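In what follows, a single structure is set out as structure tokens and then discussed.
Residue numbering restarts at 1 for every chain, and letters A, B, ... go by the order of the sequence lines. It should be emphasised that the depicted structure is a prediction, and the values quoted were computed from it without experimental measurement.
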Protein chains: 2
Amino acid sequence: MKNGRLTNTVETIASECLAVRIRLLNRTVTNIFDDALRPLGVKVSQLNVLMVVAKLGPITPGDVCRKLNIEKSTLSRNVDRMRTHNWLKVSEGDSGRKQILELAPAGRRLIEKAFPLWTKAQTETESLLGQQGAKSIHRAANTVWAQLGRE
Amino acid sequence: MKNGRLTNTVETIASECLAVRIRLLNRTVTNIFDDALRPLGVKVSQLNVLMVVAKLGPITPGDVCRKLNIEKSTLSRNVDRMRTHNWLKVSEGDSGRKQILELAPAGRRLIEKAFPLWTKAQTETESLLGQQGAKSIHRAANTVWAQLGRE
DNA sequence: ACTCCTATGTTGTATATACAACATTGTGTG
DNA sequence: CACACAATGTTGTATATACAACATAGGAGT
């Protein structure tokens, strides 16, 4: 039949493509967390950055980018928004070029208020993925973090 | 110490959050595929939609949304772009309300040209995630698809 | 047949994401 | 020290994503 080769190609990509699958998981899980966090007016993308700063800060934007594999321009605008909310404090490093990001008091309060909502979303996600699935995600992410560090 | 409670909260979220991890995987893998596909001027997000249409089409936008868990407004604009490239044919269904999406000839040629580039990205992703990680992603995605179908 | 509700798709708006180009600042090497 | 190069962050542009509001069209129930 005339469509044989294309059909095989489509079948192969459809049944194996890792990008389709990871992107589906990303949309689904991001929606779960954003729904849960909506009462606080924060999105999970912003909470992610806030957590990195809370755990590793004071830290430069460049280091946050490397940790999360985010493009610097993406983070730059995200930091603007979080500074507007007074969640982050941004100061000029003594080196002149680098900036210093720190958790601001409002950011601290936000994290405390977010915790029960985060727990709810996390539980919901675990039940969606199953214990196996959740463990798998952890393992895959650990692999990526190891690779990122190696570059 | 004064920071005890916040520190515990931050530690818990940092070490367990599934959203951070899936979003990290999503950015990393999407970049791998977009890099590979760049010579063709198509992004993996568009190729995903094209594959669904190629495999299941003729199909309505709403059904594509349900399959990929994409918001209808997101797909609406994506279809516009793909129609501009003549990759997709959009026609009005006889029912008046629904639209019919089909693979256009240029879309077919695109998929054929994309296959070797997709294979390269897929291989690279497998080697990034490891065999375990890749299998894990498949299992997690299957779980989500089953859940989506159940709603 | 009429009314109400739902499904479908578009548009306005906000955020997330990345690439390209740019300005600025350190750094290292001759 | 001077110059070239790399690192850092911003801005312009394009796409992806979702929510809210909307218009329209089908369908269900009376």
Whether the side chain of R21(A) engages the backbone of C17(A) through a donor-acceptor N/O pair (distance < 3.5 Å, no angle test) should be reported. yes
Could R5(B) and E112(A) be called an ion pair, given the rule that one side-chain N must be under 4.0 Å from one carboxylate O? yes
R97(B) CZ to dA7(C) C1', straight-line distance once rounded to whole Å: 4 Å
Integer-rounded Å distance: dA18(C) P and R27(B) CZ: 6 Å
With a 3.5 Å distance limit and no angle check, can you tell me whether N26(B) reaches the backbone of I22(B) through a side-chain donor-acceptor pair? no
Using only atom types and a distance under 3.5 Å, with no angle test, would you say the side chain of Q122(A) pairs donor to acceptor with the backbone of E16(B)? yes
Any salt bridge linking D80(A) with R77(A)? Criterion: basic side-chain nitrogen under 4.0 Å from a carboxylate oxygen. no
Taking the nucleotide of DNA chain C with the closest heavy atom to each, which residue, K98(A) or R23(B), is nearer the 5' end? R23(B)
Contacts to DNA chain D from residues 112-126 of chain B, heavy-atom cutoff under 4.0 Å, which residues? none
Rounded to whole angstroms, how far apart are CG on N26(B) and C1' on dT17(D)? 11 Å
My understanding is that only one of I70(A), N78(A), V52(A) makes a side-chain contact (heavy atoms from CB on, under 4.5 Å) with V64(A); could you say which? V52(A)
Taking DNA chain C as the partner, which of residues 63-80 of chain B come within under 4.0 angstrom of it by heavy atom? R66(B), K72(B), S73(B), S76(B), R77(B)
Would a single hydrophobic cluster contain both L117(B) and L47(B), if residues Ile, Leu, Val, Met, Phe, Trp and Tyr are joined by side-chain heavy-atom contacts under 4.5 Å? yes
Salt-bridge test for R38(B) and D35(B): reply yes if a basic N is under 4.0 Å from a carboxylate O, no otherwise. yes
Please check if the side chain of W145(B) supplies one atom and the backbone of K67(B) the other of a donor-acceptor pair under 3.5 Å. yes
Name the one of D34(B), V29(B), I32(B) that satisfies side-chain contact (heavy atoms from CB on, under 4.5 Å) with V44(B)? D34(B)
Does any residue of residues 35-51 of chain A have a heavy atom under 4.0 Å from DNA chain C, and if so, which ones, in number order? K43(A), S45(A), Q46(A)
Whole-Å gap separating P (dA14(C)) and NE2 (H85(A)): 12 Å
Check whether I100(B) and L75(B) end up in the same hydrophobic cluster, where Ile, Leu, Val, Met, Phe, Trp and Tyr are linked by side-chain heavy atoms less than 4.5 Å apart. no
May I ask you to say what N31(A) touches in the nucleic acid, namely base, sugar-phosphate or nothing, with a heavy-atom cut-off under 4.0 Å? sugar-phosphate
Expressed as a whole number of angstroms, how long is the span from E92(A):CD to dT8(D):P? 14 Å
